[in-house]
Number of protein chains: 2
Amino acid sequence: MKDVAALAGVGLKTVSRVVNGEPGVSEETARKVHAAIEHLRFRRNDGARLLRQGSRTRCVGLVLEDLADPFYSQLSRAVEEVARAHGSLLLTGSSAEDPVRERALALDFCARRVDGLIIVPTAADHSYLDDELAAGTAVVCADRPAPGLAVDTVLADNRGGAATGVDHLLRQGHRRIGFLGDAPDIYTATERLAGYRRAMTAAGCAVDERWVAMATPDPLALGRALDRMLAAPAPVTALLCGNGRTTVAVLRELAARPARPALVGFDDFELADLLPLPVTVVAQDPAAMGRLAAELLFRRMAGGGAEPQRFEIATRLIARGSGELPPTD
Amino acid sequence: MKDVAALAGVGLKTVSRVVNGEPGVSEETARKVHAAIEHLRFRRNDGARLLRQGSRTRCVGLVLEDLADPFYSQLSRAVEEVARAHGSLLLTGSSAEDPVRERALALDFCARRVDGLIIVPTAADHSYLDDELAAGTAVVCADRPAPGLAVDTVLADNRGGAATGVDHLLRQGHRRIGFLGDAPDIYTATERLAGYRRAMTAAGCAVDERWVAMATPDPLALGRALDRMLAAPAPVTALLCGNGRTTVAVLRELAARPARPALVGFDDFELADLLPLPVTVVAQDPAAMGRLAAELLFRRMAGGGAEPQRFEIATRLIARGSGELPPTD
DNA sequence: ATGAAAGCGCTAACAT
DNA sequence: ATGTTAGCGCTTTCAT
């Protein structure tokens, strides 16, 4: 910029005025400055600009579990769209469910002075964000809460959704229903388990603990869990799967077995309607979750200092066939 | 930082030393500084640091078509992983196939002085990046080339892959094979069409132009195209779909029709193996593409000033059933 | 209409 | 071991 000023034979401030389209520059001078800019290929450094202005960085951060997971990639796009609408750029990072990585990412983003941060919190302490919060960085939790962190939080109706799935199966006459959830340290997994238990109990169905399996979905473990659930003396006649990854893995395992239990999956997924037995699901709305989280973030950044709120996004049961199978005994 | 120095009763540089773990500070002083940091909740501003150091921003940008598309979300994760391994943060943005948006995103990223930029170029002029390139920003194109831009480029073997798909169908005895591709202004769509034509011609099969449809996959248009291809006088007995989105849309349309042409899809997708007729695909490797693009980017950033190179990632035919159907006439 | 000087938060280069 | 000065690239403030 100094060079531009020198070449154009004007002062630094005049170049600044031209670059920013400020008034108070004669046409003649502006032309000279533009020529110098072209010639020197000058490109303004927004970092320096931001520093001096002391203003917002117009940059928000998103920390989630896995950018490639369909649920989170849809959420990301929604966040990105809102950010774009507000003129902000988006820094993204995957925690891979590792608290250390999450923390490193979030603090890196803060060190770059993002205006706001959307986090899908892992199961860990989040007090490391207290200072950032105090310093005025807006934070919103999506998909899961961060206990002890006073921030807006957007969740799905996990218990309600799971209960809806179970109720649907109960209505088809099932009494022995299994639940295959993700690892129990994942908030949504445990919530959905609670919804399952609630609905079973409310219907007077005692839950045999052999019908419950909570683990990171991996083919081998899932296969064993299925075998256990489908074995005598009290085999399940229906299954509720705790998330999209689990549903897909279970479908794959079931394809290799004779048993055809009724099945409801938590999370919708592409092609669920085209499978041999179309899959009934409790659908979430990842785009709505991302959109709301982002809008809350920008609302906070705009200054509303109200109490942190918690939002629940409704789920929707989509009956496609697999959940309408009657009990086999 | 000034405040920290004042509170600790030391000089600015001493605080800097402590914050950066530089040697040459007595334990006693360090303790005082740390106390002041805690007390004032000081957090270093990396933006200012970077400005002063004049060093890399340790930040790279990724501009692609749609963050929520499975192909690109897998690519993104791979890029993110490489970036993380190199200690860089990742700015992401979706162009939505709009050249104006792509340009705005890319230039925004450059204004923030990203060290490098990975772009999935839309069909438009990319000379707007010339200045950035000249200024030393590393750029890599992924999935598609940007004609006229002298940068490393990572592509899939689009022609070869499409030809492989056609050859596979020819081997099953098909002679009338249709191609359903994306909009012709998309590089990959046109390349794959070329591969289809090449293989058909090489086999001595004249392509009836009614067997070719190139458009953004939308159910209505796709349905009409299918009806046309499947109608007399020379109905196709097999189909090659030009990308994942198209394949899924075609499967959905076919499900509502009696005809069961053989089908090969370009791009693998989850659950392809669990459909009633498992889908044969020419699989791409989006993670490999993202990884390579990112590694090339960091290699460029490290200084290798060699000629820009072009890389082709191999495709792999996965036979699952739909592509092994014999001709129906 | 234009420019000089000061300073955003930090660090490099030199003091002491 | 510690502090001082200058300056990264820009904008703000206040002159002219």
Side-chain angles (χ1 to χ4, degrees), chain A residues 1-37 40-59 107-108 110-115 131-132 135-137, chain B residues 1-37 40-59 107-108 110-115 131-132 135-137:
Chain A
M1 190 147 152
K2 212 165 46 182
D3 301 339
V4 172
L7 181 62
V10 301
L12 218 53
K13 177 63 210 181
T14 301
V15 178
S16 175
R17 274 194 264 263
V18 171
V19 168
N20 297 304
E22 285 169 38
V25 181
S26 76
E27 287 229 343
E28 171 63 12
T29 314
R31 257 199 336 88
K32 277 193 300 189
V33 172
H34 274 126
I37 285 175
L40 294 171
R41 301 178 144 180
F42 168 79
R43 314 161 305 140
R44 181 179 67 193
N45 183 330
D46 275 5
R49 176 169 212 243
L50 256 22
L51 177 61
R52 176 59 243 235
Q53 288 189 145
S55 65
R56 302 241 116 114
T57 55
R58 300 193 147 273
C59 205
L107 289 181
D108 266 6
C110 289
R112 303 296 178 112
R113 292 294 186 272
V114 291
D115 302 325
D131 285 359
E132 310 300 333
T137 309
Chain B
M1 191 147 151
K2 212 166 46 183
D3 300 339
V4 172
L7 181 62
V10 300
L12 218 52
K13 179 64 210 182
T14 301
V15 178
S16 175
R17 275 193 263 262
V18 171
V19 168
N20 297 304
E22 286 170 35
V25 181
S26 78
E27 287 230 344
E28 171 64 12
T29 315
R31 257 199 337 89
K32 278 194 298 187
V33 173
H34 273 125
I37 286 175
L40 294 170
R41 302 177 144 182
F42 168 79
R43 313 161 304 139
R44 181 180 66 192
N45 183 330
D46 274 4
R49 174 168 214 244
L50 256 22
L51 177 60
R52 175 59 243 236
Q53 290 191 146
S55 64
R56 303 242 116 115
T57 55
R58 300 195 146 270
C59 205
L107 289 181
D108 266 7
C110 288
R112 304 295 178 111
R113 293 293 187 274
V114 291
D115 302 325
D131 286 359
E132 310 299 333
T137 309

Peer 1: Using the 3.5 Å cut-off, write out each protein N or O paired with an N or O of nucleotides 6-10 of chain D and the distance between them.
Peer 2:
unit_1, atom_1, unit_2, atom_2, d
D:dG7, N2, B:Arg52, NE, 3.4
D:dG7, N2, B:Arg52, NH1, 3.2
D:dG7, N3, B:Arg52, NH1, 3.2
D:dC8, O2, B:Arg52, N, 3.2
D:dG9, N2, A:Ala48, O, 3.4
D:dC10, OP1, A:Asn45, N, 2.7

Peer 1: For A:Arg58, enumerate each residue passing the salt bridge (charged side-chain N to carboxylate O under 4.0 Å, His left out) test, keeping only those at least two apart in sequence or located in another chain.
Peer 2: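 Checked A:Arg58 against salt bridge (charged side-chain N to carboxylate O under 4.0 Å, His left out); zero matches.
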Peer 1: For B:Glu27, which residues count as a salt bridge (charged side-chain N to carboxylate O under 4.0 Å, His left out) partner, sequence neighbours excluded?
Peer 2: none
Peer 1: Report for the helix from C:dA1-D:dT16 to C:dT16-D:dA1: angle between first-end and last-end helix axes, five pairs each, rounded to 10 degrees.
Peer 2: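 End-to-end axis angle for the helix from C:dA1-D:dT16 to C:dT16-D:dA1: 40°, rounded to 10°.
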Peer 1: Distances for protein N/O vs nucleotides 14-16 of chain D N/O pairs under 3.5 angstrom?
Peer 2:
none

Peer 1: With B:Asp46, which residues qualify under side-chain hydrogen bond (donor to acceptor under 3.5 Å, both in side chains), at least two apart?
Peer 2: B:Arg44
Peer 1: Kindly write out the residues that satisfy side-chain hydrogen bond (donor to acceptor under 3.5 Å, both in side chains) with A:Arg49, not counting sequence neighbours, or none if the list is empty.
Peer 2: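 In terms of side-chain hydrogen bond (donor to acceptor under 3.5 Å, both in side chains), with neighbours along the sequence ignored, A:Arg49 is linked to A:Asn20.
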Peer 1: Using salt bridge (charged side-chain N to carboxylate O under 4.0 Å, His left out) as the criterion, list what pairs up with B:Lys13, not counting sequence neighbours.
Peer 2: B:Glu22
Peer 1: Holding to side-chain contact (heavy atoms from CB on, under 4.5 Å), I want the full list of residues that pass it with B:Leu50, two or more places apart in sequence or in another chain.
Peer 2: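 For B:Leu50 the side-chain contact (heavy atoms from CB on, under 4.5 Å) partners, ignoring immediate neighbours, are A:Arg112, B:Gln53, B:Ser55, B:Thr57.
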Peer 1: For A:Lys13 and C:dA1, give me the distance from atom NZ to atom C1', rounded to whole Å.
Peer 2: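 Whole-Å distance recorded here is 13 Å.
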Peer 1: For DNA chain D, which residues of residues 25-32 of chain B approach it to below 4.0 angstrom with any heavy atom?
Peer 2: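 Residues of residues 25-32 of chain B that come under 4.0 Å of DNA chain D are, in numerical order, B:Val25, B:Ser26, B:Thr29.
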Peer 1: Who passes side-chain hydrogen bond (donor to acceptor under 3.5 Å, both in side chains) against B:Asp131, sequence neighbours left out?
Peer 2: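 Partners of B:Asp131 by the side-chain hydrogen bond (donor to acceptor under 3.5 Å, both in side chains) criterion, ordered by chain and then number, come out as A:Arg41.
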Peer 1: Could you work out, with side-chain hydrogen bond (donor to acceptor under 3.5 Å, both in side chains) as the rule, every residue matching A:Arg113, not counting sequence neighbours?
Peer 2: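 A:Arg113 satisfies side-chain hydrogen bond (donor to acceptor under 3.5 Å, both in side chains) with no other residue.
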Peer 1: For B:Val19, answer base if it contacts any base atom (sugar-phosphate contacts may also be present), sugar-phosphate if it contacts only those atoms, and nothing otherwise; contact means non-hydrogen atoms under 4.0 Å.
Peer 2: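 No contact at all - B:Val19 keeps every heavy atom at 4.0 Å or more from the nucleic acid.
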Peer 1: Could you walk me through whether B:Lys2 and B:Val15 pass side-chain contact (heavy atoms from CB on, under 4.5 Å), step by step?
Peer 2: CA-CA 9 Å; B:Lys2 212 166 46 183; B:Val15 178; over 6 Å; no
